[in-house]
Amino acid sequence: VKRIGIMLDWELMQKGIAGKRSYERLDYYVEIGKELGLEPVFFHPRHVKWKARKVLGHFWSGRRLIPRLVSIPQVIHNRVLSGQKPVRATIKKLSKHYQVYNGIVVRDKLRVHRLLWENPILRPFLPRTDRFTPETVERFLGKHGVFYVKPSIGSVGDGVLRVERQGETYRLISHKLRKRVRKHAVRKELRHWVANRRFLVQQGISLATYEDKTFDIRVSVQKNGNHVWCVSGMVAKVANAHNKLSNLARGGTAVPLNVVLSRLFNQEMVQQIRYKLQYTAIEIAKQYAKHFPSLADLGMDMGIDQRGNPFLIEVNVRDQRYSFYEAGEIELFRMTYRHPLEYGKSLMTKAKNKTT
Ligand SMILES: Nc1ncnc2c1ncn2[C@@H]1O[C@H](COP(=O)(O)OP(=O)(O)O)[C@@H](O)[C@H]1O
Ligand SMILES: [Mg+2]
């Protein structure tokens with residue numbers, strides 16, 4: 001049995017140590033690891049003892065995490081979300097000496113958009129996106145009936161504002177704010193929303209609806225044991241009618257993708273749409289990974305329009321995977337844990353082959 005490092009956020013480690021549940025299924029890492037001949041060692045970057053080349057690893061007892069000092073594992077799956085400088089620095093340093101996958105990458109949505117835009121094949125699937133400036137706001141007000149203003153680095157729908165033109169007024173919708181403003185007031189309103197922060201403007205996709213609510217699709221795109229990008233699962237996230245956000249943390253609900261699609265399209269179309277979503281998601285992953293080769297585990301938010309054409313909304317580099325569980329898609333949920341472990345295992349054989 002070989003050890004594989006699973007690097008988690010500090011709070012998740014604390015929960016595990018206390019035997020409390022979190023969205024990370026530590027038992028899955030252990031069970032699937034066993035099937036693959038791997039023993040997961042959970043730790044946070046702060047647990048690394050550089051001088052001794054050791055780590056205060058934590059092992060799952062079936063109930064909680066138990067600490068034990070061990071050698072730093074050769075292969076490490078990074079699941080840390082935190083952007084704190086010292087944490088990032090440790091992960092970078094680890095990446096130099098060990099095989100860290102899903103390491104430190106550019107997450108800024110605007111920069112990700114730009115590096116994807118480089119590939120002409122992907123452009124039809126990318127909503128128009130630009131930095132938030134007085135000029136770009138002007139352009140988007142003139143050009144798009146619906147657009148979004150959102151933080152360049154954000155999550156769980158925080159700061160996401162939908163702007164809808166309705167005749168001579170605009171409707172502004174977010175999880176905090178709902179109001180209608182006149183045309184001349186909208187610029188000031190948006191300026192206040194953004195303040196001095198780094199935001200972007202993005203064309204609104206005219207999303208297909210399910211039970212009168214828009215939905216998007218979480219696509220888990222991961223590298224498998226053959227080092228090939230594959231789709232481990234797809235699930236629909238139906239938006240909250242009030243704030244129009246599909247994030248589970250904002251009142252969205254997860255529903256099996258086929259339930260949603262077969263309500264809207266015939267079987268042949270459903271197959272075609274699924275295929276297009278997978279193909280597009282994999283091409284996006286490849287382009288992203290051209291710039292950041294350590295990527296191996298992505299959770300994409302994709303949308304489809306009324307005709308079933310796919311669009312990218314956002315790429316998450318720390319897929320919480322939880323929407324699969326919420327939708328009752330346990331097989332897919334497990335797959336999102338299995339593929340990254342298979343990939344990690346294949347990195348070990350590679351390392352061994354190099355030295356022998
Ligand atoms: N361009 C867009 N077109 C349509 N819906 C969008 C768009 N951008 C965001 N949304 C909606 O808002 C949600 C949150 O936006 P997202 O970019 O995923 O931010 P976060 O990182 O906070 O999850 C999306 O899941 C989707 O439901
Ligand atoms: Mg999102």
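Heavy atoms only: backbone and side chains are in, while hydrogens, waters and symmetry mates are out.
Ion pairing of Lys223 with Asp297 is absent here, as no side-chain N (NZ or NE/NH1/NH2) approaches a carboxylate O to less than 4.0 Å.
Contacts classified as salt bridge (charged side-chain N to carboxylate O under 4.0 Å, His left out) and involving residues 269-284 (residues at least two apart or in different chains) are given here: Glu283-Lys286. For residues 193-208, the pairs satisfying salt bridge (charged side-chain N to carboxylate O under 4.0 Å, His left out) are Asp108-Arg198, with sequence neighbours left out.
Partners of Arg114 by side-chain hydrogen bond (donor to acceptor under 3.5 Å, both in side chains), not counting sequence neighbours, listed by chain and number: Asp130.
Nearest heavy atoms, Trp60 versus Gly16: CZ3-O, 4.2 Å.
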**Item:** Test log, rule side chain to side chain contact (heavy atoms under 4.5 Å, CB included), inputs Val75 and Tyr101
**Value:** CA-CA 8 Å; Val75 174; Tyr101 57 104; 3.7 Å; yes
**Request:** Evaluate the criterion side chain to side chain contact (heavy atoms under 4.5 Å, CB included) for residue pair Lys150 and Leu161; output intermediate values, then yes/no.
**Result:** CA-CA 6 Å; Lys150 54 187 178 185; Leu161 183 69; over 6 Å; no
**Message:** Could you walk me through whether Leu8 and Leu26 satisfy the side chain to side chain contact (heavy atoms under 4.5 Å, CB included) test, starting with their C-alpha distance in whole Å, then the side-chain angles of each, then the deciding distance to 0.1 Å, before giving a yes or no?
**Reply:** CA-CA 10 Å; Leu8 300 179; Leu26 306 183; 3.8 Å; yes
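Between Phe147 and Phe140, the ring planes are perpendicular. Angles over 60° get that label, and only those under 30° would be called parallel.
Criterion: ILVMFWY side-chain heavy atoms under 4.5 Å apart, direct or through other members. Under it, Met302 and Leu122 are part of a common hydrophobic cluster. Follow the hydrophobic side-chain contacts under 4.5 Å out from Ile304 and you reach Val255 in the same cluster. Linking ILVMFWY side-chain heavy atoms closer than 4.5 Å, directly or via other members, places Met348 and Ile76 in two distinct hydrophobic clusters. Clustering ILVMFWY residues whenever any of their side-chain heavy atoms sit less than 4.5 angstrom apart, transitively, puts Ile313 in a cluster other than the one holding Leu200.
Stacking of Arg68 on the aromatic ring of Phe59 is recorded, both the 6.0 Å distance cut-off and the 45° axial limit being met. Remark: Arg334 qualifies as a cation-pi partner of Tyr28 under the 6.0 Å distance and 45° angle criteria applied to the six-membered ring.
Ring pair Tyr29/Tyr337: centre-to-centre distance below 6.0 Å.
Atom NZ of Lys143 and atom CD of Gln203 lie 8.5 Å apart (nearest 0.5 Å).
Between Ser246 and Asp216, the side chains place a donor N or O and an acceptor N or O closer than 3.5 Å (distance only, hydrogens not considered).
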